[in-house]
Amino acid sequence: MKIFGIFLFLPIVGLFNSHALSASTEKIEIVLSKADIQQLINAAEVNGLERSRQWQKLLHIERNLVGVKSSQVVDSGFFLAQGLFKNQSELSATVYSFFIKPEVYAQQIDPPIHKSQYKVGEKLLDHSQHPICRFPARLKFLRQNLGSQSAIWKQLPRVNCTYQYIFLQALDAAKVNFVFSSYYSDSPGSAFGHTFFRVQRKSNLAVQHELLDYGLSYAANVTTSNGFLYAFLGLVGGFTGSWTNMPYYYKVREYNDFEARDLWSYELNLTQDEVNMLSLHMWEVGSHTYRYFFFTQNCAFHMLTVLEAAAPRLHLSDKVPFNYVIPSDSLKALFYEPDLIKKVQFRPSLRKIFLARLDRLNDSEKNDLKKYILNTKDFSVLEDQHNDRSAHKIDAALDYLDLKYSKQIMDTKSSEFKIKEELLNKRAQVNFVTPELKFKTEDEEDPAKSHGSSRWSLLGTEKRNQYYFGYRFALHDLLDPSYGLPKNSQLEFFNFLFFVNDNKYYLNKFNLFRVFNLNPLNFYDRKFSWGVEIGADRQNKNCRNEIEGCLLYGTKMKAGVSVGFSTGDIKHYLWGLGVAEARYSSQMEKGYYLWSPGAEIGLLTRFSEDFSLMASYSKEFPINMNKFETYEVKLRKSFANKWALAAEYENDIKSLGFYYYF
Amino acid sequence: MKKLIIALLTVISTFAFAQKKSSQPKDNPSEKFDRQYGIAGCGLGSVLIGKRGAQIFASTTNGSWSNQMFGISSGTLNCVDSPTAEVASRMDQFIMVNRSRVQGDIARGQGESVAAIGQYMGCTASSNKIAVTLKSSYTSIFTSGATVTEVTDGIITAILANPELAKSCQHLG
C-alpha cells in the first residue's frame, strides 16, 4: 500500500487569482489601451469564464487525489501567468498576451514549405511565438464567450502563425476515432492495451484510406530499458508524458505488424466545430509535457481530458473513479455518453491475417506450407499446376515470415530478408491476383465488451464463520468471462485475498503483480507458456504454526509448455510447467528463506466465454525443508458479464460463493 | 513499445543516411522525380533524426518554444521544389515504413498499401488496376538492393509507362 502514498505527492502548479492588472505589465507593448484590456478581463469575470468547465479543461486543471485542483501540465511554457504576468491569473495573462504587438515576436524564417513559390534566399515574416499562435484553442474559447466585445476583438493583432498553419493543414481533421490496441502481454508497458486517436482527414474521407490518416498518441517519455525501473518510475511519476503526432501507418506497423495486436477504432460523434477545437487544442498542448503516472495520469486518462477540453458537453473523466484508469476503462467511459460512439471498426493483426490465409489452404496444402517452413530452400513444395493454389500457398508463407521475423526482415542484409525477397519474386511471377481478405468484426472480441476491471469476491466454506473475501484492482484471470479480453492470459495487479476463520482475519494472498500466459503449442507458433507472480502467499507446511500457516513474501516463476484441443465447441488446454519459488518469512520452522524448485500440471476447460473449469496440481521440493503440494479445482459461471457463481476446492477447503466485476 | 519505435526509427534513419549517399543525379527516366533534399531532409525523417527530433524522444523539451516540433512531426511536411517531387517525397516516407507491406501487396496484385500509394499519386483508377499494373512491373521496381527512392521512382515510372492509367493520376502531372 505504500506505493499509493507516493501518489499523493502530485505536482502542484499554482494559479494566481488576481484580476487587477499589476504594475509589471505596463512594460509590455500592446496594441490596445490598458482600459480596453481591463474591460475584456472584467467581461470574462462577469461571465465566470475562469471557473467555467471548458477553461479549466483547456488548462488541464483536475482535482488530484487529495482534492487539490491543479494543472496536470508541468512545463512552464504552457502558462502565461508568469514572468511579466506573474501577478495575473492565467485568464487575464492570456487575454493580455493576445494583444502584445506582433513586432515583439517577429522573426524572419526560411520558408518551410512550397519553396518553389519563393525566390532563392527569400525570407518569411513569422510570429509563431506570439501567444495567438501558441494558444489558438484558448483564443477561440475567449472569442466565442466574449463575442459582445467585438470592437475590442477587431483590434486583435494580425500575425503569421506559419507552423500552426502547416500543422492544421496537414492534420486536416474531419473525424476523430478513439483507437484501442489490444492487449499485449509480452510487454509490461502494453499489457493493458494502449489508446490513441486516429484523425481522419477531410481530403481522405471520400476514399477512406485509413493508412493516410493521423495517429495522435499520448505516452510516457521512457528513459530506461530496465523493466523494474520502468515499473517503479511509472508508478511514482518518474517519467514525463507527451503527445506525438504521426501518420497512422506508423501506428499500424507498430501494433498490427510488429506486435501482432488488433486495432479497434471507435468513431466519435463530434461536430465539426468540436473537431476543429480538438485540433487547435492538440496544437497548444501537443508540445508540452505532463507528469506521467502508470495508473492515473496515463494515456487513457489524457485521451479523455483533451476530448473534454474540445467538447465540454462530454463528461468522461469523472466516469473513472479517483482517476485510476486503465485503457479499457477509458474506452468504456465513452459509452456512458449517449450516441458518442458512431461506429466500431476492427483492423486485424498480422497474426489474424496469417490465420485467414491459412484458412484458404486445404490439408495437403497446409502440409506443403509446413514442409517449406522446415526447409525454406525447397520452394517447389509451394508450386502447384494451378496458379491460384500456388498463390494462396505463397501468400500464407509470406505472412508467416513477416509474423515470425518482423524485426529481422527490416534489416535488408539479414538472411530472413533474402528468403522473403526470393519468395516475393516467385509470387510476383504467379499470374493470380489474391482476392481481398474479408474480416468480420467479432463481437465477443470487442474490448468495449470486457468485464469491469476491478473485482470483489466472497466465498463461504462448509464451516460457519469461515469464509474468503477478496479484492482485485485489475484485470483478468483465466476463469473470468473472456469477452473482449485475451483468452489465454491472466494479468492481475493488486490482488488481495483474505481468509476469515472464527472472526480472525488472515491475509491469504497478495499479488502486486501476477501474470500467466498460456501459449498452446502449434506448428506455426512455438512459444513457451509462462507465469510470474510477486507478492505474498500463505502456506501451512514449514511454518512454526502449521494450523494458521505463515505468510511467505517473494516471487514465483513458472515456465513450460501447453497444448490446446477442442471437443465440439468446448476448448481444452493442458499444461506442464517447471516452477521456481523464492520466498522470505520470519515464521518458518527453520531459517528465513525458502528456495524451492517444483512442477505444475493443469487443465483449463472453457465451455463458453462465461463458463470455465480449471484444475491444477503442483509439488515443490524446497531446499532443506519439507516438500509440499498444492491443488485446486475451480468452476466459475458468469452472468451478464457483471457477476459470477463460483465453486472452488483448494487444499482441502471447499468453498462456494460469487465474484462481482465493476 | 517505445523500444520498438526506436528500433523502427533506427532502421529508418539508416535508410535515410544510406539514401543521402546515393542521391547523385541519375541518368535514368526517373530523374525528374529526384528529391534534392533526400529523405533525411524533409518531414518526419528529419524531425526524428535531426536535433529537434532528438528532443521529441529525449523528453528534454522546456516547453516554452516547442510548438514547432509537434507540428513538424506530422510527417507530411516537405521541402521539395516541384509537385511531382512532392508526391515522390511523400511516397518515400510511406515506403520507408511500409516497404514490407508494399512489396507483398504488389507481388500479390492487391492490397491496402497500393491503394494508399494510388492516393499519393492522385489516381482515380481503381486500386486493383494500379496493383495489377505494378505487379507486372514487380521485377523492375524491386531490383535487388533497391533503395527506397529507387522503389518510388520505379513505381511512378511503371504507372507513367501505362498512358491510360497515368492520365487518371493527376498528381503525376
Side-chain angles (χ1 to χ4, degrees), chain A residues 75-78 112-113 115-116 128-129 133-134 163-164 166-167 170-171 187 189-190 194 207 209-212 214 219 221-223 225 240 242-247 249-250 253-254 257-259 283 286-289 391 395 398 402 407 409-412 421 424-425 427-428 433-436, chain B residues 1-5 7-8 11 15 44 56-59 61-83 86 93-94 97-101 103-104 106-113 115-116 118-120 128 131-132 135-136 138-139 142 144-145:
Chain A
D75 76 53
S76 56
F78 190 63
I113 48 167
K115 284 176 183 287
S116 52
S128 282
Q129 295 211 52
C133 299
R134 287 170 56 201
Y163 292 100
Q164 186 207 99
I166 294 170
F167 169 77
L171 196 62
S187 144
S190 337
H194 182 57
V207 274
H209 291 318
E210 224 178 279
L211 290 176
L212 304 186
Y214 274 93
N221 300 306
V222 177
T223 47
S225 57
T240 56
S242 50
W243 290 91
T244 46
N245 179 24
M246 283 192 174
Y249 58 72
Y250 271 85
R253 285 291 280 165
E254 181 184 353
D257 295 359
F258 292 123
E259 300 186 345
W283 171 256
S287 57
H288 297 290
T289 52
D395 286 351
L398 282 170
D402 267 338
K407 277 149 222 148
I409 278 173
M410 303 243 309
D411 174 10
T412 49
E421 190 100 313
L424 279 163
N425 276 319
R427 177 64 188 88
V433 170
T434 307
E436 197 182 335
Chain B
M1 180 192 80
K2 208 82 194 177
K3 264 190 251 170
L4 270 172
I5 298 190
L8 181 62
V11 173
F15 269 128
L44 196 57
I56 289 187
F57 290 97
S59 74
T61 50
N62 61 20
S64 53
W65 169 222
S66 47
N67 265 345
Q68 197 177 340
M69 258 169 32
F70 181 68
I72 284 184
S73 68
S74 63
T76 54
L77 282 197
N78 53 82
C79 41
V80 289
D81 295 321
S82 73
E86 181 179 325
Q93 290 182 28
F94 180 82
V97 178
N98 294 294
R99 183 175 181 146
S100 150
R101 283 215 174 199
Q103 201 162 349
I106 291 180
R108 291 181 179 114
Q110 184 272 332
E112 188 185 20
S113 70
Q119 189 173 348
Y120 280 123
N128 289 344
V132 170
K135 179 174 163 57
S136 61
Y138 179 90
T139 43
F142 295 101
S144 165

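All values derive from a computational prediction rather than experimental measurement. First the proteins, then the strands, lettered A, B, ... as listed; each starts at 1.
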(request) Please round to the nearest 0.5 Å and tell me the distance separating atom OG of B:Ser113 and atom CG of A:Leu211. (result)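 The OG atom of B:Ser113 sits 7.5 Å away from the CG atom of A:Leu211.
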
(message) Within this structure, what is the CD-CD distance for the pair A:Glu436 and B:Glu112, rounded to the nearest 0.5 Å?
(response)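 So the gap between those two atoms works out to 8.5 Å.
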
(message) Which atoms of A:Leu212 are under 4.5 Å from chain B, going by heavy atoms: the side chain, the backbone, both sets, or neither?
(response)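 Looking at A:Leu212, just its side chain touches chain B.
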
(request) Name the region of B:Thr139, side chain, backbone, both or neither, that has any atom closer than 4.5 Å to a heavy atom of chain A. (result)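 Answer is side chain: those atoms of B:Thr139 sit under 4.5 Å from chain A.
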
(message) Between B:Gln93 and A:Tyr249, is there a side-chain heavy-atom distance shorter than 4.5 Å?
(response) yes

(request) Answer whether the closest heavy-atom distance between the side chains of B:Lys135 and A:Arg427 falls below 4.5 Å. (result) yes

(message) Please identify, among A:Val433, A:Asn425, A:Leu424, the residue contributing the most non-hydrogen atom pairs under 4.5 Å to chain B.
(response) A:Leu424

(request) For each of A:Asp395, A:Ile409, A:Asp257, tally heavy-atom pairs with chain B at distances under 4.5 Å, and name the one with the top tally. (result)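 Looking at each option in turn, the highest pair count goes to A:Asp395.
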
(request) Taking all heavy atoms of A:His209 and all of B:Ala115, pick out the closest pair and write down the distance. (result) CE1-CB, 3.2 Å

(request) Determine the option with the most heavy-atom pairs under 4.5 angstrom with chain A, choosing from B:Ala116, B:Gly145, B:Ser144, B:Ala131. (result)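 Greatest number of close heavy-atom pairs with chain A: B:Ala116.
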
(message) For a side chain to side chain contact (heavy atoms under 4.5 Å, CB included) check, start with the C-alpha distance between A:Glu421 and B:Gln103, then their side-chain angles and the critical distance, and finish with the verdict.
(response) CA-CA 9 Å; A:Glu421 190 100 313; B:Gln103 201 162 349; 2.9 Å; yes

(message) Looking at B:Asn98, is its backbone amide N or carbonyl O close enough to the side chain of A:Arg253 to form a donor-acceptor pair, meaning the two atoms are under 3.5 Å apart?
(response) no

